[in-house]
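The next block holds one structure in the form of structure tokens; read it before the comments.
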Amino acid sequence: MALTGRTALLAALGSLPVGIWDPSWTGILAVNTPLALACACDFALAAPVRRLRLTRSGDTSVRLGDPADVTLTITNPARRPLRAALRDAWPPSSWRSGMEYESSRHRVNIPAGERRRVTTRLQPTRRGDRTADRVTIRSYGPLGLFTRQGTHRVPWTVRVLPPFHSRKHLPSKLARLRELDGRTSVLTRGEGTEFDSLREYVPGDDTRSIDWRATARHSAVAVRTWRPERDRHILLVLDTGRTSAGRVGDAPRLDASMDAALLLGALASRAGDRVDLLAYDRRTRALVQGRTAGDVLPALVNAMAPLEPELIETDARGLTATALHTAHRRSLIVLLTSLDAAPIEEGLLPVLPRLTKRHTVVVASVADPKIESMASARGTTEAIYEAASAAQAKAERLRTAEQLTRHGVTVVDATPSELAPALADAYLALKSAGRL
């Protein structure tokens, strides 16, 4: 029988037929002194593991869905070369299914006194901080019979940021903003807006915008033009209570709310408004204040990254008090929460007048697109029951939205893919009407 690899080596060293070997290493070594010596030499010649020096470098943040590369530098200070297998361990959510084995395991050969680098590519599947676990190294001797094994702690954290899918809508919303700001079209009049310049009257202009003094000095009727006010205060409030944990499609409602908040934050900062963020359930989970236009979007993204829904009922009174404390002057408060009847009627409605008395309030909510498909289902008894249930759910949301509207609140209720642009449109509409 032909023998290969380690089996052939052991047979040559032991000079024993393969069939009479004890299957355990103890049995082999006990009956064969040359083999024991070979193993002892192999173990002695394997490079030590604990003396290795390891450092990390690479990405410290990445958007969800994008890869991140973390480089591990291994220095071998010993006088013997290192031949080793290495496992760089990270939490399971650091990779997509099936990628962990290939990405985290490496083979290294490091001559004495030199160093080598290996790169672990992460593909995170969840937001938040991913912290490196231990690095396990198995050092082989020249014969590969025995190994030394040890672990090292090499700290490193990669923050997985929200993906910000709605950024694709930003160019079109900025174009609309430029129109409102008078860069691409005639400026219009709006209550509470800032005076910009004069132009000649054209049919259809609001007669209240005629400047009679300027008209008296010229042969044509002069009209004042206006631009939306800048330096308004926008407070984005994320409800991180139990209703935000409900999944719509493949993601919780909180993720869709974050995406909408990011688009609105980017748009409002470009418009010259100040944007703050408050995440709250029964206590403050995140707070971003006083950032400049260039810093606000990175600050929002970093603050949102570690947020997770909390399986507790949101304290509406505490949320309102914290929002009023954060918004010192008249502001636009955008509350991203659920339109479920019970939390609104029992929690938000009793304290809503405290917000609407001083501020303009927008409530944005994530609608489940499956409700629409259920409402149109027909053909079977089960489908008809689903359609009736969907119609009831839609009627309850509409009734809740009407209650909020009667309190002077602007309501935006849209599916995850449509919520961000719909909320941006609502902001632009308020700005155009001079309500900010």
Side-chain angles (χ1 to χ4, degrees), residues 162 166 173 177 192 228-241 244 254 256-304 307 314-339 344 347-349 351-366 404 407-412 419-420 422-431 433-436:
S166 61
K173 303 308 175 187
L177 179 64
E229 293 183 4
R230 292 178 174 269
D231 198 30
R232 303 296 91 185
H233 182 221
I234 316 297
L235 177 60
L236 305 172
V237 182
L238 284 173
D239 178 359
T240 56
S244 68
L254 181 60
S257 298
M258 288 181 182
D259 197 51
L262 288 174
L263 180 62
L264 180 54
L267 180 62
S269 63
R270 298 285 188 90
D273 294 333
R274 295 186 301 106
V275 180
D276 292 342
L277 170 73
L278 170 66
Y280 193 94
D281 40 70
R282 288 191 175 274
R283 64 180 179 88
T284 300
R285 302 290 177 176
L287 182 62
V288 176
Q289 284 184 292
R291 299 305 179 99
T292 61
D295 294 336
V296 65
L297 190 58
L300 293 179
V301 169
N302 273 289
M304 291 178 184
L307 289 178
T314 298
D315 178 10
R317 293 185 181 276
L319 184 149
T320 301
T322 307
L324 290 173
H325 179 74
T326 306
H328 301 291
R329 59 173 178 151
R330 181 170 179 80
S331 308
L332 171 64
I333 296 180
V334 180
L335 175 58
L336 294 114
T337 186
S338 168
L339 275 183
I344 294 294
L348 183 60
L349 283 179
V351 297
L352 191 58
R354 296 179 59 192
L355 290 176
T356 56
K357 182 179 180 180
R358 292 175 50 188
H359 307 288
T360 301
V361 180
V362 174
V363 171
S365 181
V366 183
L404 293 171
H407 283 78
V409 175
T410 300
V411 178
V412 179
L419 180 64
L423 182 57
D425 287 339
Y427 163 78
L428 292 172
L430 291 171
K431 205 167 187 65
R435 292 180 57 189
L436 297 186

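Heavy-atom basis, side chains included; hydrogens, waters and symmetry copies ignored.
Between the Asp273 side chain and the Arg232 main chain, a donor and an acceptor come within less than 3.5 Å of each other. Remark: side-chain polar atoms of Thr337 are not paired, donor with acceptor, to backbone N or O of Asp239 under 3.5 angstrom. Formation of a donor-acceptor pair under 3.5 Å by the Ser365 side chain with backbone atoms of Leu339 is found in this model. When atom types are taken as modelled, the side chain of Arg282 and the backbone of Gly241 share no donor-acceptor pair closer than 3.5 angstrom.
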Before you tell me yes or no, could you show the steps for Leu404 and Leu348 under side chain to side chain contact (heavy atoms under 4.5 Å, CB included), namely the whole-Å CA-CA distance, both residues' side-chain angles and the distance that decides it to 0.1 Å? CA-CA 9 Å; Leu404 293 171; Leu348 183 60; 4.2 Å; yes

Could you walk me through whether Leu235 and Leu278 pass the side chain to side chain contact (heavy atoms under 4.5 Å, CB included) test, one step at a time? CA-CA 7 Å; Leu235 177 60; Leu278 170 66; 4.2 Å; yes

Run the side chain to side chain contact (heavy atoms under 4.5 Å, CB included) test on Leu267 and Leu428 for me, step by step, so that the C-alpha distance in whole Å, both residues' side-chain angles and the decisive distance to 0.1 Å come before the verdict. CA-CA 9 Å; Leu267 180 62; Leu428 292 172; 4.1 Å; yes

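Closest heavy-atom contact between Arg291 and Ala299: NH1-CB, 3.3 Å. Here the shortest heavy-atom pairing between Thr320 and Arg354 reads CG2-CB, 4.2 Å. Nearest approach of Gly290 to Asp276, heavy atoms of both residues: N-OD1, 3.3 Å. Met304 approaches Ala261 most closely through the heavy-atom pair CE-CB, 3.7 Å. Nearest approach of Ala268 to Tyr427, heavy atoms of both residues: CA-OH, 3.5 Å. Of all the heavy atoms in Ala422 and Val412, the pair that sits closest is CB-CG1, 3.7 Å.
Val296 has its side chain within reach of Leu300: a pair of non-hydrogen atoms, C-beta onward, lies under 4.5 Å apart.
Distance check: Thr326 OG1 to His233 NE2 gives 8.0 Å after rounding to the nearest 0.5 Å. Atom CG of Leu254 and atom OG of Ser338 lie 12.5 Å apart (nearest 0.5 Å). The structure places CD1 of Ile344 at 7.0 Å from CG of Leu335, a figure rounded to the nearest 0.5 Å. Atoms CG and CG, on Leu307 and Leu277 in that order, are 7.5 Å from each other to the nearest 0.5 Å. A distance of 14.5 Å separates NZ in Lys357 from NE2 in His407, rounded to the nearest 0.5 Å.
Remark: Ala429 pairs with no residue by the side chain to side chain contact (heavy atoms under 4.5 Å, CB included) rule, at least two apart or across chains.
Side-chain contact check for Arg330 and Thr360: at least one donor-acceptor pair (N or O, by modelled atom type) lies under 3.5 Å. Side-chain contact check for Thr240 and Asp281: at least one donor-acceptor pair (N or O, by modelled atom type) lies under 3.5 Å.
No option in Leu352, Val334, Val409, Ile333 other than Val409 meets the side-chain contact (heavy atoms from CB on, under 4.5 Å) test with Val363.
Counting heavy-atom neighbours within 6.0 Å of Arg358 CZ, excluding the residue itself, gives a total above 12.
Under a 4.0 Å N-O distance rule, the pair Asp425/Lys173 qualifies as a salt bridge.
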